[in-house]
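Letters A, B, ... are given to chains in the order of the sequence lines, protein chains preceding strands, and every chain is numbered from 1.
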Amino acid sequence: GCSSEDESVSNERGVLRIGALPGGEDEYRRREQYQPFMELLERELDMDVELYLGSDFTATIEAMRANKVDIVSYGPLSYILAADIADAEAFALSSREDYGIFLESYIIVHEDSDIYEVSDLKGKTFAFVDPASTGGYLIPRLSMVENGIDPDADLASAVFVGNHDACAAAVINKNVDASTIVMSAYYNGIDEGRINPEEIRIINISDPFPAGPWAWRKSLDDTLKEDIKRIFFNMTDEEIALCQEVFARNHVGFEEAEDSFWDSLRKAAELIELDLKSSI
Amino acid sequence: MLSLIKKINNEWCLAIDIPKDWKSIFKIFFWIVLFLMTLTWSVKGTQFNLYRISLGIEGISDILSRMFPPNINIVSRLIKPTIETIQMSIVGTLLAITLSIPLGVLGARNITPNPLLYGVSRFILNALRAVPEVIFAIIFVSAVGLGPFPGTLAIGVSSSGMLGKFLGDSIENIDPGSLEALESTGANKIQAIVYAVIPQILPEFVSLGLFRWEMNFRASTILGIVGAGGIGFELMTSMRLFKYQEMTMTLIVILTVVALVDFIASTIRKKII
Amino acid sequence: MLSLIKKINNEWCLAIDIPKDWKSIFKIFFWIVLFLMTLTWSVKGTQFNLYRISLGIEGISDILSRMFPPNINIVSRLIKPTIETIQMSIVGTLLAITLSIPLGVLGARNITPNPLLYGVSRFILNALRAVPEVIFAIIFVSAVGLGPFPGTLAIGVSSSGMLGKFLGDSIENIDPGSLEALESTGANKIQAIVYAVIPQILPEFVSLGLFRWEMNFRASTILGIVGAGGIGFELMTSMRLFKYQEMTMTLIVILTVVALVDFIASTIRKKII
Amino acid sequence: MLEIRNLSKTYNNKVIALKNVSLTVNKGEFAMVLGLSGAGKSTLIRSINGLISVEAGSIEFEGVSVSNKENINKIRKDIGIIFQQFNIIKRLTVLENVLCGRLAYSNTIMSSLKLFKKKDINWALDCIERVGLKEKAYVRSDQLSGGQQQRVGIARALAQQPKLILADEPVASLDPYSAEEILELLTEINKKEGITMLMSLHNVMLAKKYGNRILGIKNGILVFDKQVIGLTEKEMQLIYTMDTSLIKEKQQAV
Amino acid sequence: MLEIRNLSKTYNNKVIALKNVSLTVNKGEFAMVLGLSGAGKSTLIRSINGLISVEAGSIEFEGVSVSNKENINKIRKDIGIIFQQFNIIKRLTVLENVLCGRLAYSNTIMSSLKLFKKKDINWALDCIERVGLKEKAYVRSDQLSGGQQQRVGIARALAQQPKLILADEPVASLDPYSAEEILELLTEINKKEGITMLMSLHNVMLAKKYGNRILGIKNGILVFDKQVIGLTEKEMQLIYTMDTSLIKEKQQAV
Ligand SMILES: Nc1ncnc2c1ncn2[C@@H]1O[C@H](COP(=O)(O)OP(=O)(O)OP(=O)(O)O)[C@@H](O)[C@H]1O
Ligand SMILES: Nc1ncnc2c1ncn2[C@@H]1O[C@H](COP(=O)(O)OP(=O)(O)OP(=O)(O)O)[C@@H](O)[C@H]1O
Ligand SMILES: [Mg+2]
Ligand SMILES: [Mg+2]
């Protein structure tokens with residue numbers, strides 16, 4: 001769990017509360033990974049730092065709305081929701097060595113499958129990640145719609161398996177005919193031996209979409225905001241190397257984030273909002 | 001204050017025989033202290049603090065205000081998942097009842113044919129409860145593929161742990177006199193169960209079975225994982241996307257079913273009590 | 001075959017008074033048919049098919065083989081979440097018991113002071129059960145922030161629905177004679193509860209409370225959502241990452257706690273039955 | 001002090017248990033109810049303190065109607081009842097069971113904590129001693145023999161210090177020695193403290209010996225109501241024979 | 001047919017309920033057990049068919065030990081027992097309760113479906129009629145009066161057609177008329193069918209009238225064991241008085 005005994009004090013009295021997802025690790029390891037980053041913040045800001053690892057963002061967004069959490073590393077769609085509901089404001093965007101500040105989402109099938117393009121998905125079973133996922137739900141739906149497949153009517157059944165790795169596994173184990181996976185998870189899976197690229201065929205690559213930002217709540221103290229931003233953008237290479245795993249395996253630095261950067265996703269979100277009106 | 005205690009001591013008396021030997025007193029004291037220590041330790045660990053709730057009234061009223069009014073427009077969309085969930089919960093619960101009866105009967109100390117079987121079935125029941133539905137769902141998906149079927153199996157197998165445990169407990173609770181009477185006629189175990197145990201546990205077991213049905217209906221998020229929709233999945237989806245007014249509508253549908261099941265249960269119980 | 005039935009009909013006789021008027025027969029017939037139809041409809045809807053399971057033995061054995069042997073190395077990592085979960089489940093369950101007692105007492109037909117209060121508390125109990133823990137968790141997060149506290153509150157409030165319902169049911173089940181005797185002395189409701197109701201429901205309620213404790217321990221995925229870890233969260237993580245041998249180890253830890261609680265429960269019940 | 005007018009009770013719209021029963025019990029009386037098994041004795045006794053709702057007739061205790069929900073607790077405080085099936089709470093000790101008779105006189109909070117005034121506890125222990133269970137005072141009631149359980153029920157009613165004691169077969173499970181001792185105890189209470197008694201009894205000899213008035217019930221009808229002195233053997237026979245001609249007469253008279 | 005040797009029973013290591021009881025009951029006897037409330041009568045009766053485990057002594061029924069777990073069901077089939085607290089199953093009808101006595105003779109599957117041979121049902125109905133409950137055969141037992149419930153327990157034991165009937169206060173809740181009727185019924189069965197009877201009874205008069213042998217129990221000790229003929233009033237007094245000198249003598253003799 002979390003450390004501080006008296007966490008009812010607000011940040012004015014010296015606590016900065018960070019929210020994040022465990023992101024493919026167990027909690028214990030994730031906390032270890034965050035340790036250097038938190039120490040860095042504590043040192044530079046001269047305040048206590050607390051970490052909350054939520055299994056999804058719902059509670060975290062509500063907490064931000066109620067001023068109970070200060071900065072959060074969001075996923076793209078969660079950020080849009082958070083900006084909408086909790087007055088979250090993006091301030092930094094992790095830039096990756098290989099694919100920058102954009103991500104792509106793939107639609108994959110098993111090597112043996114006779115599905116070669118998106119339009120073949122008609123009447124097949126499909127695995128999504130979860131309804132609040134960008135690369136695992138919003139984007140692949142968009143791809144289907146663009147290719148003339150109505151994901152609600154044309155798929156035989158749609159499964160929500162919880163994370164990207166599970167999507168790949170569902171295809172590899174032939175539990176479903178096809179699934180979606182975000183590129184970062186795909187390559188991490190290959191690196192760590194969970195995915196054998198020989199067994200998988202990518203039948204669709206989406207347009208690039210913006211990755212998720214670090215965001216704070218707008219009501220946060222302005223000088224504190226300044227300080228945080230300063231730390232994020234002035235990390236030395238050693239510090240980045242120390243905190244590497246917090247941001248991304250191949251994180252190289254931060255870029256300034258503008259809220260309008262996610263407008264393209266908002267348009268897509270509007271689309272699924274419509275789509276969600278019909279039964280999944 | 002002190003004089004009040006004295007007065008109590010002079011005028012009042014405890015109607016329970018207080019043990020006089022030191023060993024018993026120490027034992028009672030030990031358990032009380034252990035309990036209080038555990039409680040303090042847990043309260044500290046969970047940062048339990050009632051004062052903090054009172055500070056958060058604002059947050060609660062904010063979130064509640066966003067939940068109302070419920071969005072009635074989505075009702076038509078909820079019909080199909082509701083029906084699916086009802087079907088799944090009916091079959092799952094019947095499966096669970098079927099599985100739980102032998103385990104519960106063997107796991108009741110007063111009618112089990114032998115202590116080893118008692119231990120084994122209590123162990124199985126514990127294990128069935130320790131494994132969450134999701135894991136059963138995954139196992140069954142790998143056996144029969146996706147769809148409502150593996151979800152139903154998961155619900156059935158997983159529910160049987162709770163039903164069997166309570167069945168065993170309530171059999172152990174029955175009036176020993178009537179069981180003695182049955183045994184005295186030379187009736188065998190099965191006959192003793194039919195004539196002495198069933199009449200006595202039936203109201204409780206019906207109530208329990210219907211509760212588990214209701215619980216299975218509510219717990220149908222599992223269906224989302226195996227690709228079979230369900231009302232619980234609808235609920236989670238609207239929650240995750242912060243469509244709180246739709247969420248409230250879904251909750252109302254669930255509440256309706258819960259209240260209906262509760263009504264059925266109390267009607268049946270009134271008949272057989 | 002036909003002769004067998006005839007023989008049965010000649011030699012055997014049902015020991016139950018079969019109703020002779022057409023209305024009653026029709027009523028029984030109606031309920032049987034309704035039940036069978038519902039069952040068929042549900043079986044069809046869930047694609048329930050036992051034959052398909054037999055085909056899937058291979059899949060099951062494959063997944064089970066990947067779960068063994070359990071990965072013992074992670075045990076040290078599981079200690080902290082286990083302790084946190086135990087703390088949270090203790091406080092949550094005590095909170096639930098506290099909340100459920102007034103609701104359960106008012107919601108028992110035989111001791112409720114008035115039918116309106118009965119209806120109201122049964123409704124509240126239904127509503128408390130209809131709303132899933134997660135939703136309570138989110139509501140409490142907006143009040144008190146992230147951490148184990150909102151999770152504990154959510155567990156407490158949400159469990160009280162089940163505890164209160166069963167408390168009410170088991171109060172309704174008690175021997176009416178002893179309640180009559182108490183009322184006959186002119187004792188008031190509270191005294192009747194202490195002297196006639198509590199002694200009779202105590203074994204059942206202890207068993208129920210401890211079961212709910214166990215259930216809260218198992219259901220601690222909720223803690224993951226509010227950012228407070230817990231053993232359930234560990235379990236889900238290892239499952240989602242396909243670390244099945246770690247998952248098995250976590251399951252063993254959970255099973256140990258479940259068995260321990262079960263043991264405590266049966267020890268206490270043996271003492272007070 | 002007790003006025004019953006035209007009382008009738010039919011269970012499940014089928015079993016007629018009481019039919020048009022009217023009777024008056026005066027303060028200080030010791031009235032015995034006799035009748036065959038199933039005649040309606042328990043039904044009569046239980047309806048007096050409102051445990052059974054009757055469909056016709058009225059019952060008044062000291063001028064207050066028993067069907068009046070508001071006064072029922074006050075009335076019940078003044079009526080002690082000894083049940084045929086004992087109705088003691090098996091998981092409580094003998095003392096706790098007997099103290100139930102003191103609840104109406106005790107502070108709710110204190111009694112809920114099992115705290116009683118010393119004089120209440122002493123009085124309860126006294127009652128326990130009077131029924132001969134002194135040594136069993138702190139024993140759980142389910143560890144008692146049949147007769148001992150019945151005596152717990154008696155002690156509970158005594159502890160209540162009521163104005164009227166209703167007793168439904170109070171000595172059925174007792175040996176003749178203990179039975180007479182209990183009846184003598186009740187007679188003493190009746191004489192000395194003026195507590196009225198209404199008792200059903202199967203033992204005719206004992207009924208005549210201890211009661212001063214006999215109420216005969218047959219098939220739910222009160223077939224006679226006489227002082228013990230002057231009661232003939234023939235009249236007595238009436239309630240225990242299957243001959244129904246006399247009942248019919250009685251019925252027409254009502 | 002029944003051989004009890006040096007039977008002792010102590011509850012909770014505290015209450016001595018039976019002390020060194022030895023007795024033999026022969027086929028066809030009608031033995032009455034008398035004693036004060038709490039003397040140990042129920043304990044004796046219940047230990048005979050193995051419901052209570054004793055810590056010392058042996059019980060043999062027709063040469064087979066009751067403590068032998070394997071034979072217990074066969075033995076119990078041959079021993080009918082009438083309980084002091086009735087122990088009927090309240091949620092079953094009278095007929096179903098009485099048919100419980102036929103279970104040992106019935107097919108397990110059929111009886112579980114509440115199907116019985118016609119002759120079993122007729123026999124059960126017969127037993128019900130003999131205890132005078134014909135009209136209540138299909139009534140749920142919790143809707144019966146106290147005496148009616150007791151008669152259901154008796155009918156169940158009769159339905160069993162046992163070799164030995166153990167009866168613990170079988171007529172305590174019955175009016176004198178019904179009580180004698182039941183005892184006459186049992187005597188008839190004892191005489192005509194040679195079924196042995198061992199019965200505890202509180203009514204000394206009835207015990208002498210119907211029994212042919214009296215067993216007196218006091219404080220767990222069998223203080224006398226005599227034929228009814230030749231039993232003196234003084235001996236009878238022995239069990240019902242608090243005088244313990246005679247018991248001490250007896251105790252030393254054992
Ligand atoms: N709860 C009930 N439901 C239906 N019928 C009942 C109920 N209680 C009693 N009866 C019936 O009412 C009649 C009178 O019963 P009651 O208990 O008053 O008899 P009683 O005179 O006390 O007999 P006993 O001496 O055997 O106790 C009986 O025929 C009995 O079967
Ligand atoms: N389960 C028990 N646990 C402890 N003591 C018991 C238990 N059952 C009976 N006793 C005690 O054993 C003694 C003998 O009891 P038993 O029931 O044999 O008496 P009894 O002769 O049948 O009396 P009664 O005529 O009152 O039914 C009594 O003192 C009783 O309190
Ligand atoms: Mg009666
Ligand atoms: Mg006895």
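Nearest heavy-atom pair across B:R218 and C:A130 is CD-CA, 4.1 Å. Scanning all heavy atoms of the two residues, the minimum distance from B:I60 to C:A143 falls at CG1-CB, 3.5 Å.
One distance of note links OG1 of B:T38 with CD1 of C:I86; it measures 10.5 Å at 0.5 Å rounding. The CZ atom of B:F140 sits 6.5 Å away from atom CD1 of C:I53, with the distance rounded to the nearest 0.5 Å. Atom-to-atom distance recorded for C:M239:CE and B:I135:CD1 is 6.5 Å, nearest 0.5 angstrom. Within the model, atoms CZ of C:R52 and CG of B:L153 stand 8.5 Å from one another, a figure rounded to the nearest 0.5 Å. Rounding to the nearest 0.5 Å gives a distance of 6.5 Å between CZ of B:F242 and CD1 of C:I138. Separating the OG atom in C:S42 from the CD1 atom in B:I83 is a distance of 10.5 Å, to the nearest 0.5 Å.
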- Residue pair C:R129, B:D262: steps toward the side-chain contact (heavy atoms from CB on, under 4.5 Å) verdict: CA-CA 11 Å; C:R129 294 203 308 283; B:D262 195 52; 4.0 Å; yes
- So B:V144 and C:L55, side-chain contact (heavy atoms from CB on, under 4.5 Å) or not? Walk me through it. CA-CA 8 Å; B:V144 299; C:L55 295 180; over 6 Å; no
- Given side-chain contact (heavy atoms from CB on, under 4.5 Å), test C:R269 with B:N173 step by step and report yes or no. CA-CA 9 Å; C:R269 280 179 64 245; B:N173 262 347; 3.5 Å; yes
- Message: Does C:L208 form a side-chain contact (heavy atoms from CB on, under 4.5 Å) with B:F166? I'd like the steps, not just the answer.
- Response: CA-CA 9 Å; C:L208 182 69; B:F166 274 105; 3.6 Å; yes
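Neither the backbone nor the side chain of B:I252 comes within contact range of chain C; no heavy atom of the residue lies under 4.5 Å from a heavy atom of that chain. Looking at B:Y51, neither its backbone nor its side chain comes within 4.5 Å of chain C, counting heavy atoms on both sides. With a threshold of 4.5 angstrom between heavy atoms, B:E58 does not approach chain C through any atom at all. If you measure heavy-atom distances from B:I90 to chain C, the contacts under 4.5 Å come from the side chain alone. Using a 4.5 Å cut-off between heavy atoms, C:K165 contacts chain B through its side chain alone, with no backbone atom that close.
Listed options C:R122, C:K44, C:Q47 were ranked by heavy-atom pairs under 4.5 angstrom with chain B; first place goes to C:Q47. Interface check for chain B: of the options C:I254, C:V91, C:V141, C:L94, the most heavy-atom pairs under 4.5 Å are formed by C:V91.
In this structure the side chain of C:S170 never reaches within 4.5 angstrom of the side chain of B:E204, judged on heavy atoms. Side-chain contact check for C:S266 versus B:D169: every heavy-atom pair is 4.5 Å or farther apart. Contact annotation: the side chain of C:P203 never approaches that of B:E172 to less than 4.5 Å [non-hydrogen atoms, C-beta and beyond].
Under a 3.5 Å cut-off, the side chain of C:Q87 and the backbone N or O of B:W41 do form a donor-acceptor pair. No donor-acceptor distance shorter than 3.5 angstrom exists from the side chain of C:T46 to the backbone of B:P148, with no hydrogens or angles considered.
Each of C:L125, C:N126, C:V131 was evaluated against B:V258; a single residue qualifies, C:N126, per the side chain to side chain contact (heavy atoms under 4.5 Å, CB included) test.
Ring-plane geometry between B:F149 and C:F48 is classed as perpendicular, the angle between the planes exceeding 60 degrees on a 0 to 90 degree scale with a lower cut at 30.
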